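Both backbone and side-chain heavy atoms feed into the values below; hydrogens, waters and symmetry mates do not. What you see is a predicted model; the values in this text were computed from it and never measured.
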Amino acid sequence: NTGAANKPASLFISLRPYNPEGLSVVKTIGADEKRFTVNRGTAVAFMKKPDAVDCSNEADGDVSLTLDAPMNRRAASCRVGLCNAMAEYKLALPPGEEKTFWFITPVKLLNDNGAWADEARKADSEAILEKTYREWKERLAGTIQLELPDDNLQRAFDINKAYLLLLWDGDAITPGPFTYHHFWFRDAAYQISALDKIGFHREAEQILDTYPKRQRADGFFISQNGEWDANGQAMWTLLDHYKYTRDAKFLEKMYPALVKGVGWIKQKRMATTQDRNSPVYGLLPAGFSAEHFGPNDFYYWDDFWCLAGIRAAEEAAADLGKNDELREFHQEFDRYLGHVEASLAHVERKLGMRVIPASPNRRMNSGAIGALCTMYPLRIYPPDDDRMANTLAEIRRVSFYENGFYQNNHHSGINAYLTFQFAQCLLQKRDPEAWTLLRYILGLATTTYTWPEAVHTQTGGGVMGDGHHGWAVADFLHLVRNLLLIEEGENLVLFPLLPADWFEEGKSISIKDAPTHFGKVDAVMKSDGRRATVEFNCRWSYTPEKLIVCFPREISTAKIDGKEDTIQFSDRVELDPGVTKIEVTFA
């Protein structure tokens, strides 16, 4: 009570037949002094006896119609499943006082005649909450820890680390808690890679250990038949995990699955057509792939992922010394890429533009977003490839609403994870517009820092998929981490694209226990606006060729490990991996 007088009020807790997906049928409902029941099972335990309860159904209308004079109906039934109930707590708050009410729900409905509710009422709710906080802190200890000069971004990153783990089911990871609580290799590629980026290597491996069992005898990693991207995604993810852990035993164990995967890709794509003049010769057959591309077609997305899968097998063969298969995989990658290039040449003649649409049969619509995987995360084409530059420009022109990617083929809303992927491509080009997109999508997050699969442009609510989308969680974590440090080939780049205002006086950036393809990295950057100091603690398991540190403007002087160094005017410094400190003065 923030006022100056006593204020009487009533608090109502209501139970209705809905959940985040929509209707959730309640055929029978009950309420008494200790609990709500749903379909005869305990649904909510009251920690304090209510002053009044009421139950209703579709015929009598919602309980909110009788809040002024509850009818004290203790049970209701409804043939269409629209039962609802409420409990009332009367209170009078003196000035400056507050009151807290606790309610406890079981994970599943319990048909125990109320015994659980009796036990729940004895619980110390504050102690349970404190124990939960402590357990989460312990669970997240040892993962990447960031300290950023942006409180909103800091909180969003820390919370989404936990959300990512909530979507991990032990032997699977799912892109949502409700509608999408199923396993797909596509979403898992981004989510498992995010687990490794955060530091959940054990959890990632537990899922990946199931991959050989998810592969058919012919080598197809199957989520659903017709999703031809799955092979490349499964194979890329296996190698990506190895790069974070450098666990040769894991790679050796998964290598037969990689070999079988290459065989399936080769057989599948070469069976599409025998017409060498066809724009789909050597490409995977038509499939439905990711639903946001549209109806069945010959999607380049499938081919780019399977190219990355073959390259993953090639890298695995190199590290394991399988030289004969290494040559075979290298030749197959080159042949496959040649077929893709021939198809893209057909597209250029057809459209009169050097771009990459969703398929050789398409114009440049929002499905072209699939081409972005060639830059992020697969790096098949470099950042300066003119086709990718043209594709990015065209997507920005025709498929954006304000600063978010608007998916008009299927989702009919602003897609968070696809906008993050667009921003990843801008990051590779060192375009600061990446931050504009990140901040825009962060502004569309719920108050709990989640995103639906697509956001309505007018209401800001969800229009597609799960309301808490796991792919969005993963790609948000990927983007924030990659803006701070990113692997580029055999180099590790620190601070590749930071806002200039993060280098103002008194601000600092701290990265601790960050997993990379080269080992764990700590880095602290402090600046006073004119100078900046960066200190490193790198525990290399696989030494990079160079450690590159980027700054928001040109440097005039540099001191490396206490020694003056003569460098050309630039906004980046290339260091030996053994360096532990650099001090720079800005021009």
Side-chain angles (χ1 to χ4, degrees), residues 1 6-93 97-129 132 166 176-179 181 446-448 450 452 459 461-462 466-468:
N1 180 3
N6 289 344
K7 289 188 176 178
S10 283
L11 171 71
F12 297 90
I13 177 174
S14 177
L15 192 153
R16 291 184 168 90
Y18 316 106
N19 66 23
E21 292 186 301
L23 182 69
S24 185
V25 171
V26 177
K27 289 292 185 75
T28 64
I29 204 163
D32 56 29
E33 66 278 356
K34 64 181 180 182
R35 62 176 179 154
F36 283 141
T37 61
V38 168
N39 301 336
R40 298 185 175 83
T42 297
V44 179
F46 306 142
M47 303 299 285
K48 182 176 181 291
K49 179 182 176 181
D51 295 294
V53 296
D54 199 12
C55 297
S56 190
N57 56 22
E58 185 265 344
D60 293 335
D62 191 79
V63 286
S64 62
L65 299 175
T66 58
L67 290 185
D68 291 337
M71 298 175 68
N72 204 35
R73 293 165 290 189
R74 295 299 183 101
S77 61
C78 183
R79 64 182 182 83
V80 296
L82 293 180
C83 286
N84 53 96
M86 68 85 172
E88 179 185 16
Y89 292 88
K90 296 179 179 178
L91 60 154
L93 282 180
E97 290 196 7
E98 61 181 42
K99 189 170 181 63
T100 301
F101 290 83
W102 290 89
F103 306 92
I104 297 182
T105 64
V107 175
K108 297 180 179 179
L109 294 178
L110 299 173
N111 293 300
D112 61 353
N113 297 318
W116 179 85
D118 290 332
E119 288 300 311
R121 294 179 73 171
K122 301 174 186 177
D124 183 339
S125 304
E126 294 280 4
I128 292 172
L129 187 60
T132 302
L166 281 175
F178 287 99
T179 305
H181 198 241
T446 68
T447 54
T448 54
T450 66
T459 69
D466 232 317
H468 183 179

Review point. Is the number of heavy atoms from other residues, nucleotides or ligands within 6.0 Å of CG (Asn113) greater than 12?
Key: no
Which atom of [X] lies closest to which atom of [Y], heavy atoms considered:
| X | Y | result |
| --- | --- | --- |
| Glu33 | Arg74 | OE1-NH1, 4.0 Å |
| Pro50 | Tyr89 | CA-CE2, 3.5 Å |
| Leu91 | Leu11 | CD2-N, 3.9 Å |
| Cys78 | Asn57 | CB-CB, 3.7 Å |

Hey, does [Y] have a side-chain heavy atom less than 4.5 Å from the side chain of [X]?
| X | Y | result |
| --- | --- | --- |
| Pro177 | Asp466 | yes |
| Met47 | Lys34 | no |
| Trp102 | Glu126 | yes |

Practice item. Could you tell me which residues satisfy side chain to side chain donor-acceptor pair (under 3.5 Å) with Thr105, sequence neighbours excluded, listed by chain and number? Key: none
**Study point:** Pair Phe36 and Phe46, ring centroids less than 6.0 Å apart
**Key:** yes
Review point. Asp62 and Ser56: side-chain donor and acceptor closer than 3.5 Å?
Key: no
Hey, does the side chain of [X] reach the backbone of [Y] with a donor-acceptor pair shorter than 3.5 angstrom?
| X | Y | value |
| --- | --- | --- |
| Thr132 | Ile128 | yes |
| Asn39 | Lys27 | yes |
| Asp32 | Arg35 | yes |
| Thr37 | Gly41 | no |
| Asn72 | Asp54 | no |

